[in-house]
A.B. asks: 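Sharing a structure with you now.
Along the sequence shown, residues are numbered consecutively beginning with 1.
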Amino acid sequence: MFVLFVPVERAEAQWSVGASYEMRDEDPVNGLGVRVQREFRSVLPLVDLGFRGHFSYFSDEIDASDQSYTTEIENYDFGLAAFGGINIGLVKPYIGGGLGSESFEEVRSGVEELSFNENSFYWNLFAGAELSPIPVLKPFIEYRFTRLLDDEDFDYHQNGRLSIGVNIHF
């Protein structure tokens, strides 16, 4: 009788897709985000390295009841980043950084229509933690600081945001 023995290693999730609710100080204040990331184990035990692509969208409409105009603000950004994390039981803290592009548009409608839009490149740094109560679903919380590369004096050029969401690993 011939028996084939193949050692089985524990499979680790390498790709993940995530969605998040994002909050920041600038208008628009609340938004949504999505991310796709690829992780791989490093040579060091318990350390994961990876890269990701992310997209965020913020939108708000402001009605000035005492005035005769409405302001619509849209802001979206996308970027690529590298990150590293340490697996500590059910929690994986991580840090990272990357580059991206941001688009800001403000349209004021009323007696006359005014429009302002700007596209900029940025760098960002982030830190967060991912929980692992279920191997496939991993909730996370993250703080990301963004700084646009062109140095103008608009308030939205320094953007810190808090993201709360969930990653689906496969």
A.B. asks: Is L125 reachable from F121 through a run of I, L, V, M, F, W or Y residues, each pair having side-chain heavy atoms under 4.5 Å apart?
C.D. replies: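 Yes, F121 connects to L125 through the hydrophobic network.
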A.B. asks: Measure the acute angle between the ring planes of F51 and W15, then classify it against the limits of 30° and 60° as parallel, tilted or perpendicular.
C.D. replies: perpendicular
A.B. asks: Under 4.5 Å between side-chain heavy atoms, hopping through other hydrophobics if needed: is there a path connecting I62 to F116?
C.D. replies: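 Result: yes, single cluster for both.
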A.B. asks: Quick one: closest heavy-atom pair of F170 and V17, and the distance?
C.D. replies: CE2-CG2, 3.7 Å
A.B. asks: So, taking the atom named CG in L99 and the one named OG1 in T146, what distance separates them when rounded to the nearest 0.5 Å?
C.D. replies: 11.0 Å
A.B. asks: Is it true that atom CD1 of I95 has more than 12 heavy atoms of other residues, nucleotides or ligands lying nearer than 6.0 Å?
C.D. replies: no
A.B. asks: Are V91 and I141 linked, directly or through intermediate hydrophobic residues, by side-chain heavy-atom contacts shorter than 4.5 Å (ILVMFWY only)?
C.D. replies: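 No, I141 does not connect to V91 through the hydrophobic network.
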A.B. asks: Any non-hydrogen side-chain atom of Y21 less than 4.5 Å from a side-chain atom of L32?
C.D. replies: yes
A.B. asks: If you count the non-hydrogen atoms of other residues, nucleotides and ligands that lie under 6.0 Å from CG in L114, is the total more than 12?
C.D. replies: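 Yes, CG of L114 has more than 12 neighbouring heavy atoms, counting only those of other groups under 6.0 Å.
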A.B. asks: Hey, does S103 have a side-chain heavy atom less than 4.5 Å from the side chain of S120?
C.D. replies: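 They are not in contact (no side-chain heavy atoms under 4.5 Å apart), so the answer is no.
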A.B. asks: Under 3.5 Å, is there a donor-acceptor pair between the E130 and N167 side chains?
C.D. replies: yes
A.B. asks: What do the steps show when you test K138 against H169 for side chain to side chain contact (heavy atoms under 4.5 Å, CB included), and what is the final call?
C.D. replies: CA-CA 8 Å; K138 298 188 179 183; H169 287 255; 3.4 Å; yes
A.B. asks: Working to the nearest 0.5 angstrom, can you tell me the gap between F140 CZ and S163 OG?
C.D. replies: 6.0 Å
A.B. asks: Hey, is E142 close enough to R52 for a salt bridge, meaning N to O under 4.0 Å?
C.D. replies: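 Judged by the 4.0 Å cut-off on N to carboxylate O distance, E142 and R52 do form a salt bridge.
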A.B. asks: Over all heavy atoms of both residues, which pair between Y94 and A129 is shortest? Give the atoms and the distance, please.
C.D. replies: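 Heavy atoms of Y94 and A129 come nearest at CE2-N, 3.5 Å.
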A.B. asks: Going by atom types only, do R144 and S56 share a side-chain donor-acceptor pair under 3.5 Å?
C.D. replies: yes
A.B. asks: Could you please spell out the steps behind the side chain to side chain contact (heavy atoms under 4.5 Å, CB included) verdict for E72 and E61?
C.D. replies: CA-CA 4 Å; E72 291 182 31; E61 185 173 316; 4.0 Å; yes
A.B. asks: Side chain to side chain contact (heavy atoms under 4.5 Å, CB included) between R161 and F58: does it pass, once the steps are laid out?
C.D. replies: CA-CA 12 Å; R161 70 181 67 172; F58 293 83; 3.5 Å; yes
A.B. asks: Which heavy-atom pair separates S115 from V107 by the least distance, and what is that distance?
C.D. replies: OG-CG2, 4.1 Å
A.B. asks: Supply the atom-to-atom distance S59 OG to N30 CG, rounded to the nearest 0.5 angstrom.
C.D. replies: 11.0 Å
A.B. asks: Drop me the distance from E102's CD to F104's CZ, to the nearest 0.5 angstrom.
C.D. replies: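 So the gap between those two atoms works out to 8.5 Å.
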A.B. asks: OG/S16 to CD1/I168 distance, rounded to the nearest 0.5 angstrom?
C.D. replies: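 S16 OG to I168 CD1: 9.5 Å, rounded to 0.5 Å.
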A.B. asks: Could you check if a side-chain atom of Y76 sits within less than 4.5 angstrom of a side-chain atom of F55, using non-hydrogen atoms only?
C.D. replies: yes
A.B. asks: Spell out, yes or no, whether L80 and W123 are grouped together once hydrophobic residues are joined by side-chain heavy atoms under 4.5 Å, including indirect joins.
C.D. replies: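 Looking at the clustering, W123 is in a separate group from L80.
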A.B. asks: Roughly how far, to the nearest 0.5 Å, is the OG atom of S101 from the CZ atom of F78?
C.D. replies: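 OG of S101 is found 4.0 Å from CZ of F78.
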A.B. asks: Mind listing the closest non-hydrogen atom pair of I73 and P28 along with its distance?
C.D. replies: CG2-CD, 3.3 Å
A.B. asks: Evaluate side chain to side chain contact (heavy atoms under 4.5 Å, CB included) for D77 paired with Y122, printing each intermediate quantity in order.
C.D. replies: CA-CA 9 Å; D77 65 81; Y122 65 82; 3.2 Å; yes
A.B. asks: Is there a chain of hydrophobic side chains (I, L, V, M, F, W, Y, each step under 4.5 Å between heavy atoms) that links I88 to L131?
C.D. replies: no
A.B. asks: Verify the distance criterion only: is there a donor paired with an acceptor across the side chains of Y57 and E74 at less than 3.5 Å?
C.D. replies: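 Checked: Y57/E74 side chains pair up, N/O donor to acceptor below 3.5 Å.
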A.B. asks: What is the minimum heavy-atom distance between R24 and G160, and which atoms define it?
C.D. replies: CB-O, 3.4 Å
